[in-house]
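Letters A, B, ... are given to chains in the order of the sequence lines, protein chains preceding strands, and every chain is numbered from 1.
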There are 2 protein chains.
Amino acid sequence: MKNSPISIGQLGKRSGVNIETIRYYEKIALLPPPDRTPAGYRQYDDGHVRRLRFIRRGRDLGFSVEAIRTLLSLAEHPDQPCGGADRLVAGHLADVERKIADLSRLRGELQGLANCCGHVVAECRIIDSLIAD
Amino acid sequence: MKNSPISIGQLGKRSGVNIETIRYYEKIALLPPPDRTPAGYRQYDDGHVRRLRFIRRGRDLGFSVEAIRTLLSLAEHPDQPCGGADRLVAGHLADVERKIADLSRLRGELQGLANCCGHVVAECRIIDSLIAD
DNA sequence: CTTGACCCTGTAGCGGCTCCAGGGTTCATG
DNA sequence: CATGAACCCTGGAGCCGCTACAGGGTCAAG
Ligand SMILES: [Zn+2]
Ligand SMILES: [Zn+2]
Ligand SMILES: [Zn+2]
Ligand SMILES: [Zn+2]
C-alpha cells in the first residue's frame, strides 16, 4: 500500500471534487484537516481520498451534508446496526418521490402553456394564465 | 370598483404571499413601493394585489424571479408579440424535464439501496455502495 | 531570473427567502 | 387613561452548498 501524500489539486482530480469545495468541506469539518508542508500546503493521504469519495457519492445521491455526516459516522462503527442508514435512505427516497410528483404536475401545467406562437401579448394564454386568479 | 387601500397583512392574505416576502419583493423592485400612511405603514391598492398574484402564480410554476420580471414587463405591453413568453415557457419546461430525469435516475439508485434491514454496518449495502469506487 | 502552475487565506456572492431584535402604532377593553 | 394584543416598521443575519474573487506565497522548469 502506497501512502505518499498528495496535494489538494491531486485530491481534487482523484475524487472529482473542486478544490474550493474541498477547502469548504474542511471548514465545515466534513473532511478532517490534513497535515501541512513547511510552506503550509495541505498534504492528503489515502484516508482522505476514500472519505472524500464517500462524500461525493453521497452528494451525487442527493444526500444533504448533514445526512452524509451521519452516514460517515455510521461507516466508522462497523459493529453497530445499520438501521440509521436505512432510515436516511427511506426518508430521502420519499423526498425524491415528492419532488418528482411536484415537478410532474408542473410539467403538465407548462405543457398546457407551451407553443402559444405568433400571438400578441393581449391574446397570449401564458400571460392570461398568470393574470387569471 | 372599490379601491380602498389595504395593509401588508391583508395583501399577504389576498395573495398567499408571506409578509416578509412581500417586503423582499419590494426591495428587489419586483413589486413597486406603495404609498405610506403618516405613520409609515404601507398601503397597497388593487394593482398591487393583481401584480403580486401574477408573481405568485409564476413562482408556483417554478419560474425564477428574473423570468417573472420578464413576464411582467411583457404583460405590460399587450400590443407586442408574445414570443418571449413562449421561449421562457419552453426553456423552463426543458429545465423541469431535465430535473425529472435526474431525480428519476436518483430514485432508481435509492430504491436499489432501500430496505437493508437488520444488518450491522459492516454488512450494510448502503454504506458499501458509498465506500465502493 | 523569470515564467507559469500551483497553493494559501479571507471574504463576498448566488437564489429566494425567512427570522430576529428592537422598536413604533392602533384599537378595543377595563 | 392605562394596558395589552395585534399589527407594522427597519436593518441585518442566517439558511444551503458551494463558487468566485483579491491579494498574496511557493516551487520547478527553462
Ligand atoms: Zn433527502
Ligand atoms: Zn402567447
Ligand atoms: Zn426554468
Ligand atoms: Zn444496511
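Rounding to whole angstrom units, CD of residue Glu66(B) and P of dC14(C) are separated by 11 Å. For Asp60(B) and dG16(C), the CG to C1' distance is 14 Å, given to the nearest whole Å. The distance between atom CD of Glu26(A) and atom C1' of dC8(C), rounded to the nearest whole Å, is 11 Å. Between Leu30(A) atom CG and dC18(D) atom P the separation is 9 Å, expressed in whole Å. In this structure, the OH atom of Tyr44(B) is 11 Å from the C1' atom of dC8(D), given to the nearest Å. The CD1 atom of Ile22(A) sits 12 Å away from the P atom of dC18(D) (whole-angstrom rounding). In this structure, Tyr24(A) places its OH atom 16 Å from C1' of dG10(C), rounding to the nearest Å. Rounded to a whole Å, the CD atom of Gln43(A) is 14 Å from the C1' atom of dC6(C).
Not one side-chain nitrogen or oxygen of Asn18(B) sits closer than 4.0 Å to the OP1 or OP2 atom of dC17(C). Distances shorter than 4.0 Å separate some side-chain N or O of Arg42(A) from OP1 or OP2 on dC8(C). The phosphate of dC9(D) has OP1 or OP2 within less than 4.0 Å of a side-chain N or O from Arg23(B). Listed pair Ser64(B) / dG15(C) fails the phosphate criterion, with no side-chain N or O lying under 4.0 Å from OP1 or OP2.
Counting non-hydrogen atoms under 4.0 angstrom, Ile19(A) reaches the backbone sugars and phosphates but no base.
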Determine, step by step, whether His77(A) and Asp79(A) satisfy the side chain to side chain contact (heavy atoms under 4.5 Å, CB included) criterion, reporting the C-alpha distance in whole Å, the side-chain angles of both residues, the deciding distance to 0.1 Å, and the verdict. CA-CA 6 Å; His77(A) 300 280; Asp79(A) 50 328; 4.1 Å; yes
Before giving the answer on salt bridge (Lys or Arg N to Asp or Glu O under 4.0 Å), spell out for Arg98(A) and Asp95(A) the whole-Å C-alpha distance, their side-chain angles and the decisive distance to 0.1 Å. CA-CA 5 Å; Arg98(A) 240 189 327 270; Asp95(A) 287 355; 2.8 Å; yes
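Looking at every heavy atom in both residues, Pro5(A) comes nearest to Gln43(A) through CG-NE2, 3.7 Å. Counting all heavy atoms, side chain and backbone alike, Val96(B) lies closest to Leu110(A) at CG2-CD1, 3.9 Å. The shortest heavy-atom contact between Cys116(A) and Cys82(B) is O-SG, 3.5 Å.
At a threshold of 4.0 Å, the pair Asp102(B)-Lys99(B) does not count as salt-bridged, since none of the basic side-chain nitrogens sits closer than that to a carboxylate oxygen. Ionic pairing of Glu20(A) and Arg23(A) is present here: one or more N-O contacts between side-chain nitrogen and carboxylate oxygen are shorter than 4.0 angstrom. Taking a cutoff of 4.0 Å between a charged side-chain nitrogen and a carboxylate oxygen, Asp60(A) and Arg57(A) do not qualify as a salt bridge.
Taken to the nearest 0.5 Å, the CD atom of Glu26(A) stands 11.5 Å off from the CG atom of Leu52(A). Separating the CD1 atom in Ile127(B) from the CD atom in Glu76(A) is a distance of 10.0 Å, to the nearest 0.5 Å. In this structure, CG on Leu113(B) lies 6.0 Å from CD1 on Ile126(B), to the nearest 0.5 angstrom.
Of the listed nucleotides (dG16(C), dT26(D), dT9(C)), dT9(C) has the atom at the smallest distance from the side chain of Arg36(A). Listed nucleotides dT26(C), dG16(C), dT19(D) differ in distance to Ala39(B); the shortest reach to its side chain belongs to dT26(C). For Tyr41(B), whose side chain is taken as the heavy atoms from C-beta onward, the closest listed nucleotide among dT11(C), dT19(D), dC7(D) is dC7(D).
Residue whose closest nucleotide on DNA chain C sits further toward the 5' end, between Thr37(B) and Lys13(A): Lys13(A). Heavy-atom distances to DNA chain D give each of Gly40(B) and Lys27(B) a nearest nucleotide, and the one nearer the 5′ end belongs to Gly40(B).
The stretch residues 5-12 of chain B touches DNA chain D through Ser7(B), Ile8(B), Gly9(B), each having a heavy atom within less than 4.0 Å of the strand. Within residues 91-110 of chain B, no residue approaches DNA chain D, by heavy-atom distance under 4.0 Å.
No side-chain heavy atom of Ile55(A) sits under 4.5 Å from any side-chain heavy atom of Val17(A).
End-to-end axis angle for the helix from dC1(C)-dG30(D) to dG30(C)-dC1(D), using five pairs per end and rounding to 10°, comes out at 30°.
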